[in-house]
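To keep things clear, I will list the structure first and then write my remarks on it.
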Amino acid sequence: MTKKIFTGIMLMSGLAVLIAVLFVTGIIYRHYSERAAAELCSKGRLIAAAVEQQGESYLDNTDFDELRVTWISPEGRVIFDSEEDPDTLGDHSDRIEIHKALESGEGGSSRYSSTIMQKTINYAKRINDGSVIRVSDVHMSAAALMASTADNVVLIFAAIALLSALGAVLVSRNIVRPVNNIDLDHPDISRNYKELAPLLTKLRLQNGRVSRQLDELTRSRRQFSIITENMDSGLIIADSKTAILAINSSAWRLLGSTQPADGASIFALDHSDTFRRCIQDAMGGKRSECILSTSGGDREILASPAKSTGMINGIVVFIHDVTEKQQLEIMRREFTSNVSHELKTPLTTIYGISDMLANGIVKPEDISSFGCDIRNEADRLITLINDIVSLSKLDENSIPRQDTDVDLYELAQEIIARLAPNAQAKQVTGQLTGEHITLRCNRTVIDEIIYNLCDNAIKYNTDGGSFEVRVSHIPTKALITVSDNGPGIPAEHLSRIFERFYRVDKSRSRKVKGTGLGLSIVKHGVMYLGGTVRAESTPGSGTVFTVELPIDKQA
Ligand code: ADP
């Protein structure tokens, strides 16, 4: 805008100066020509008067300087010429000024010579004898006048151009300054050009609209952020060039990454091939999913392309923590394979023995011993199935809440009595100490807990060893402690004994009846009752299991 105003002012002032110069030159030239003509006229009259009085001698004796004087006879023949030989000059009667002078006494004319850019002005006067005195003078044409002053004109032009340029800069800046100083956010109509009022009004309306839209955008962004930040799952939105557009903190935390920088690529969050392939598939328009194993656990990645009018604009990625799900899946698979294995072993034995019996290979005196073997294996199967049933009931939380008041001391006493044959077989002595604590709970579950712990204290004890069941309480909890002085459990196994089918010494345990599910039932039973169980053991000295149950269930 400044440039346009500047150029406009310069053009206008240049044009104005040019017109002024032409106009002034014209006036001066006209004035100069009129004065020259008047001077020539008076000179002509004087010379004519002198010739009338003195005749040719005047002309011969006078120096006319630049002035050309010609004396022409009434017939038009040149009698005298101050510059040329009269004989060389032809008939002059046809010359305008001569013609006029012969006819009316005096006359004038002017002739322009483009070659010398000069103008010759003539004045002719008829004298008494009918002849004509003509005086001629040469003076500059308007063009020549201008050319002769060209240097000065150029100088004046340059000076005016400089001044105009300075003026134009100042003026254009002055005009533009208020426009440049307009506060676009808060345009003030009263402090600006009137001509700008419609524009500023539009600007104000536009600003209002933009700020309302911005508020709306900020509000919806904040809502989006609040919602996504409170999600447990990770959410990432990336554009078609993989640059992250939105990400919640769960996403980068679940991937074990740090908060990505603005505009970072989604690939910066995880460098594994699995993740890269999954994202690339989605970028290629295919919904894809994968499981990533990170230091924090297993993550399920679900990546979907975001399409509009057939074009992929970006992708939406959901990340879920599936560590527990994966572990449960592994446990389920292990459990199934363990169950199959544990069921197969006694059944194979039963099948083998019954096959021998059927084929009559067994001697009659051995039949009863083989029968015992079949019963023992069947017994093992029944125990295993009972344990699986108990465990699955606890797993599914399908045990009916038939709580009754149970005196833990009395129950422990009853269980020790139930296990007396087993204890006797191993010459293990059991002892019950403590107090009568009544707990309101499911009797079957608490029975299984104490039974399994006492059974283990006998089973895994050394022959002739002992165990103790102690029932006590602390302000908020009932405590059941089952300790024995058996061989104990090595530290590396202690953390795993509550796992399903986990047995410390498989070859030794094989000789001891058991399913590997006893302590799992204890653990889940205790959890069902809202308590905790822990095991402490000193190899060679014995093991202590401590069960803590919330006493608020006490009747
Ligand atoms: P099982 O049915 O084989 O007894 P458990 O789940 O009850 O299975 O026990 C798991 C393993 O923990 C056992 O195989 C045994 O090796 C070990 N264990 C359990 N209780 C004791 C204990 N009191 N003393 C030594 N080892 C024990």
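Computed from a prediction, not measured in an experiment: that's the story for all the values here. Order of listing sets the numbers, starting from 1, for every ligand and every atom in it. Just the heavy atoms: all of them, side chains too, but no hydrogens, waters or symmetry mates, feed the values below.
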Handout entry: Within 6.0 angstrom of E492 CD, more than 12 heavy atoms from elsewhere
Key = yes
Practice task
First locate atom CZ of F275, then atom CG of L255, and finally report the distance between them rounded to the nearest 0.5 Å.
Solution key: 5.5 Å
Exercise for the section: Compute both the distance and the angle, then confirm whether R418 meets the cation-pi test with Y451: under 6.0 Å from the six-membered ring centre, within 45 degrees of the axis. Expected result: no
Exercise for the section: Would you check the N or O atoms of L519, main chain and side chain alike, for any that come under 3.5 Å of an N or O of ligand 1? Expected result: yes
Exercise for the section: Record the part of Y502 in heavy-atom contact with ligand 1 below 4.0 Å; permitted values are side chain, backbone, both and neither. Expected result: backbone
Exercise for the section: Ignoring hydrogens, just give me the one of I458, T543, N452, D484 whose non-hydrogen atom is nearest atom 23 (N) of ligand 1. Expected result: D484
Handout entry: R503 with E342: basic N within carboxylate O range, under 4.0 Å
Key = no
Handout entry: Pair D463 + K426: basic N to acidic O under 4.0 Å
Key = yes
Handout entry: Over 12 foreign heavy atoms within 6.0 Å of OH, Y351
Key = no
Exercise for the section: Have a look at ligand 1 and work out which part of T515, if any, has a heavy atom under 4.0 Å from it: side chain, backbone, both or neither. Expected result: both
Exercise for the section: Consider every N or O of G516 and every N or O of ligand 1, then say whether any pair is closer than 3.5 Å. Expected result: yes
Handout entry: Atom pair CD/CG of Q424 and N422 - distance to nearest 0.5 Å
Key = 9.5 Å
Exercise for the section: Below 4.0 angstrom from a heavy atom of R503, which ligand 1 atoms are there? Numbered from 1 as shown, please. Expected result: 3 (O), 14 (O)
Problem - Heteroatom proximity flag, F545 to ligand 1, N/O under 3.5 Å - result: no
Problem - N/O separation below 3.5 Å, S520 to ligand 1 - result: no
Completion exercise
Atoms of ligand 1 under 4.0 Å from any heavy atom of K459, numbered from 1 in the order shown, are 1 (P), 2 (O), 4 (O)
Exercise for the section: Measure H493 to ligand 1 on non-hydrogen atoms and call it side chain, backbone, both or neither using the 4.0 Å cut-off. Expected result: neither
